[in-house]
Amino acid sequence: MKSKIRMIAVMALFTLLMVLGLTNNQSQVEAASDSGTLKIGMEANYPPYNWTQTTSANGAVKIDGSKQYANGYDVQIAKLIGKYLHKNVVVEKTEWDGLLPALTSGKIDLIIAGMSPTAERRKQINFSNPYRKSSFVVIVNKDSKYAKAKTLNSFKGAKLTAQQGTLHYNLIKQLKGAVRENAMKDFSAMRQSLQSGTIDGYVAEDIEYLSYKRVNRNITAINISKMKGFKVSKSDSITSIGVKKSNTKLLAQVNQALATISTKKRNQLMATAVKQQPKAGSSQTSAEKSQPWLVKTWKQYGNMILGGVGMTLLLALVGTIAGFFIGLVVGIIRTIPTPTTAGKKAFLKVVNWLLAVYVEVFRGTPMMVQAAVIYYGIAQLWHINLNRTVAALVIVSINTGAYLAEVIRGGIISTPEGQFEAASALGMTHNQRMWHIILPQAIRNCLPSITNEFIVNIKDTSVLSIISVSELFFVGSTVASQTFEFFPTYFIISVIYLILTFTITRIFNLIEKKLAGPKNYNLMANQIQVGNPEDEVK
Amino acid sequence: MTETNQTIISLKHMQKAYGDHQVLKDINVDINKGEIVTIIGPSGGGKSTTLRCINLLEQPTGGEIDFHGENILAPGYDLNDYRAKVGMVFQQFNLFNNLDVLSNCMVGQELVLKRSKDEAKKIALENLKKVGMEPFIKAKPSQLSGGQQQRVAIARAISMDPEVLLFDEPTSALDPEMVGEVLEVMKKLATTGLTMIIVTHEMAFARDISDQVLFVADGIITEAGEPDQIFNHPQNEKLQKFLRNFRANSL
Ligand SMILES: Nc1ncnc2c1ncn2[C@@H]1O[C@H](COP(=O)(O)OP(=O)(O)OP(=O)(O)O)[C@@H](O)[C@H]1O
Ligand SMILES: [Mg+2]
């Protein structure tokens, strides 16, 4: 019964949030664009449109909140638009699925991410005139039996995929008899799968073929745009710039800016981007090639990885400590004995109920979802542009707090009744009993659980990559997609995680031992023998 | 009956019920300053409940508890202050596990009586000396034997300078060879003028030490009197049976 009411409350809370979010949407003002900067959202992981690099070479633009740079066709187009508008271009590296919410919540001004203006997306945001037109291809291995496909029916039995959330994935349906495999996260993953033979091919744009061909000569592309019966709306074969619905002024400006960029200039930019995009192997000198992969990668990405380690540790440490204090407060409040006066009783009941909802909500939903809801929700509701790192810290702390609240409550409850009674019999107040007698014992008993929570945090902060915090896992996936060395990269990342958790476990074991105090005590049989001067002063 | 200024605690029609279970039915007794009162009786008769009601670890469900003639159950009475004046020694010792012996005896003085650290330490050391536990001031409770723990618990209680000290079967959890050391300490205390209310199964001890013995059975004080009357001339049938059983068992 009680939990049912609680569940209804939770649902009501969510509904309220959503309603607020929807109504607020209408009255949205231009959030970030008032200043002299133009915030561009892109994955920075979709070459040649956009990618991440560690230097500012070839006119790359700094990625906000990191030491890395973004470059590519999108970045160059963004720079031209920025120049036209006299604004400073900043790149906000954002996961593909996070781009639309980031735009509608005002975290970014424009999406320039190789995105097609599909009807569905148009419902949520506006699109500029196209800044590139493309055709669709199926990329297969040269020696594949599908390499000679002539019609849409030639792909019978082929295992095909495309990028998650893109139009490409839907196009597979038009290839009669093809098996639609699960969509993949990015091109790096699809290239890897094609190479390893887990798929027969993937649907992409001509550009992807041009790019990939430079690295892998064993592939070929079948143009399906020209095949008989192939249907695609015009909007799907073009890429446009996304602008928030309410921001019509910016949309007009962007279209004006695009009009000044000629087709020739565009083709030139794309050709350059295809050439400059990161690729595995081909551009390396033979000296570099002979170096072991590990050394090579470390030289190039070592600082980035160390940064990721630092961020992960920061998140886990601050999150656990802050979460501990939250948990302590919540745990203490939830164990206050029922007061005698009616007013206090009712007040405590309400507070307890709210805290129970807090614990239930944050223990009952994945941290990844919490991160997305809080990060984008706050921006949408109150137009507050939270710094990613701050947002991540807040989320980990609140989440940890919910877990530790229960742990500490358990610790308090399991402290022997006699300890409470002896303290009461001395005339201590409730607070004195808590702080001097019960909590020191409860916390020491909880220490193993707190250590455990710290370890969990080190690993689980990886889900914060959803809001693009550059912690260890996020850095790892960036390195993997740039080097195309998936297994070795993730292997190394996992070893680093293991080292971190192992070290922390040891440290906490030491702390626990220290807190347990000395195993032996000195018998103070003879006061003269006691060499403690403090004792003898009085 | 007029109250003499000698009466320190007086229980008037005190009752305690847990739900339907009327554990204490009607407890009436006056306890004088400096008196040593022992409570004996069969298991489940309500001895512990009586003690726990006196220092309000349990809230009585009826009647009055007068301390120096004032009803402590009246609203607005400063209960923490009262508890500081009425100490308690538990069957299971209940020393604070997170503190060493010395701190166990200091923490109440500092927090409740607001004594300075130095003063609290001086008093704690004095009292630890009285119970013979001074050499162990740095030890944690878990490092001590039961008898040693109980002696520390007594030192902790008397460090608060209580007017009344309650003991709930202080020797029942002890191995036989340690019972003596604790009873010795209590006998010494009894000579200092402290008012003591002791629940015990040590009949010989009760006979030697008490000014007044209460026989509690089925939630009422069935018989009360001086030790000689209770042990040598019991009137009540239940008391006679209780003592008979007791003698049979102890032989
Ligand atoms: N918290 C409680 N809830 C319900 N009943 C209780 C509670 N505490 C004690 N009782 C009951 O009250 C009665 C008296 O218990 P009490 O502990 O006072 O007996 P006692 O005389 O101290 O016995 P013993 O010699 O075994 O310690 C018992 O029947 C017991 O079951
Ligand atoms: Mg008892």
Side-chain angles (χ1 to χ4, degrees), chain A residues 337-342 344 411-412 414-447 512-538, chain B residues 51-52 55-59 75 78-105 107-113 118-119 121-122 125 128-129 133-140 142-144 153 156-157 159-160 162 165-166 168:
Chain A
T338 329
T340 38
T341 57
K344 275 189 192 164
I412 292 172
S414 64
T415 306
E417 186 65 24
Q419 300 285 310
F420 281 92
E421 291 188 348
S424 306
L426 288 180
M428 290 192 199
T429 62
H430 177 71
N431 282 339
Q432 290 171 337
R433 288 199 293 261
M434 268 335 243
W435 287 107
H436 294 273
I437 307 300
I438 307 303
L439 284 178
Q441 299 183 41
I443 290 170
R444 188 190 302 157
N445 291 338
C446 291
L447 215 58
E512 259 170 65
K513 241 189 217 146
K514 195 121 219 181
L515 279 181
K519 274 236 154 60
N520 305 307
Y521 57 92
N522 294 323
L523 219 53
M524 309 278 159
N526 186 342
Q527 282 291 310
I528 301 154
Q529 223 175 359
V530 182
N532 194 342
E534 199 189 272
D535 288 346
E536 279 159 358
V537 169
K538 280 271 142 178
Chain B
L51 268 201
R52 293 166 62 82
N55 82 342
L56 294 182
L57 284 177
E58 303 288 350
Q59 190 71 23
D78 186 350
L79 291 180
N80 286 328
D81 180 55
Y82 168 74
R83 278 170 162 166
K85 289 178 185 157
V86 179
M88 176 125 175
V89 174
F90 298 87
Q91 185 175 352
Q92 300 296 338
F93 332 129
N94 294 349
L95 290 183
F96 301 130
N97 295 323
N98 57 318
L99 302 175
D100 64 19
V101 165
L102 183 60
S103 307
N104 257 284
C105 298
V107 66
Q109 298 187 62
E110 288 180 66
L111 293 176
V112 181
L113 304 180
D118 290 339
E119 193 188 357
K121 185 167 177 178
K122 195 174 130 240
L125 285 173
L128 283 167
K129 199 169 191 172
M133 285 302 291
E134 203 190 12
F136 297 89
I137 53 173
K138 289 272 164 65
K140 283 289 176 69
S142 60
Q143 295 165 325
L144 300 177
R156 174 176 71 180
S159 291
M160 300 293 288
L165 195 46
L166 313 175
D168 188 3

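Per chain, numbering begins at 1; letters A, B, ... match sequence-line order.
- Taking 4.5 Å as the limit, every side-chain heavy atom of B:Leu111 sits out of range of all side-chain heavy atoms of A:Thr429.
- Closest heavy-atom contact between B:Phe90 and A:Ala425: CZ-CB, 4.1 Å.
- If you measure heavy-atom distances from B:Val86 to chain A, the contacts under 4.5 Å come from the backbone alone.
- Distance CG/B:Asn80 to CE/A:Met428: 10.5 Å, rounded to 0.5 Å.
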Residue pair B:Leu99, A:His436: steps toward the side-chain contact (heavy atoms from CB on, under 4.5 Å) verdict: CA-CA 9 Å; B:Leu99 302 175; A:His436 294 273; over 6 Å; no
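- Only the backbone of B:Leu95 comes within contact range of chain A, with at least one heavy atom under 4.5 Å from a heavy atom of that chain.
- Scanning both residues, A:Gln432 and B:Val112, for their nearest heavy atoms gives OE1-CG2, 4.2 Å.
- Considering only heavy-atom pairs separated by less than 4.5 Å from chain A, the leading option among B:Asn98, B:Leu57, B:Asp81, B:Leu166 is B:Asn98.
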Intermediate values then yes/no, side-chain contact (heavy atoms from CB on, under 4.5 Å), B:Met88 and A:Glu421: CA-CA 9 Å; B:Met88 176 125 175; A:Glu421 291 188 348; over 6 Å; no
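- The shortest heavy-atom contact between B:Arg156 and A:Ala422 is NH2-CB, 3.5 Å.
- Using a 4.5 Å cut-off between heavy atoms, B:Asn97 contacts chain A through both its backbone and its side chain.
- Between B:Met160 and A:Leu426, the shortest heavy-atom contact is CE-O, 3.3 Å.
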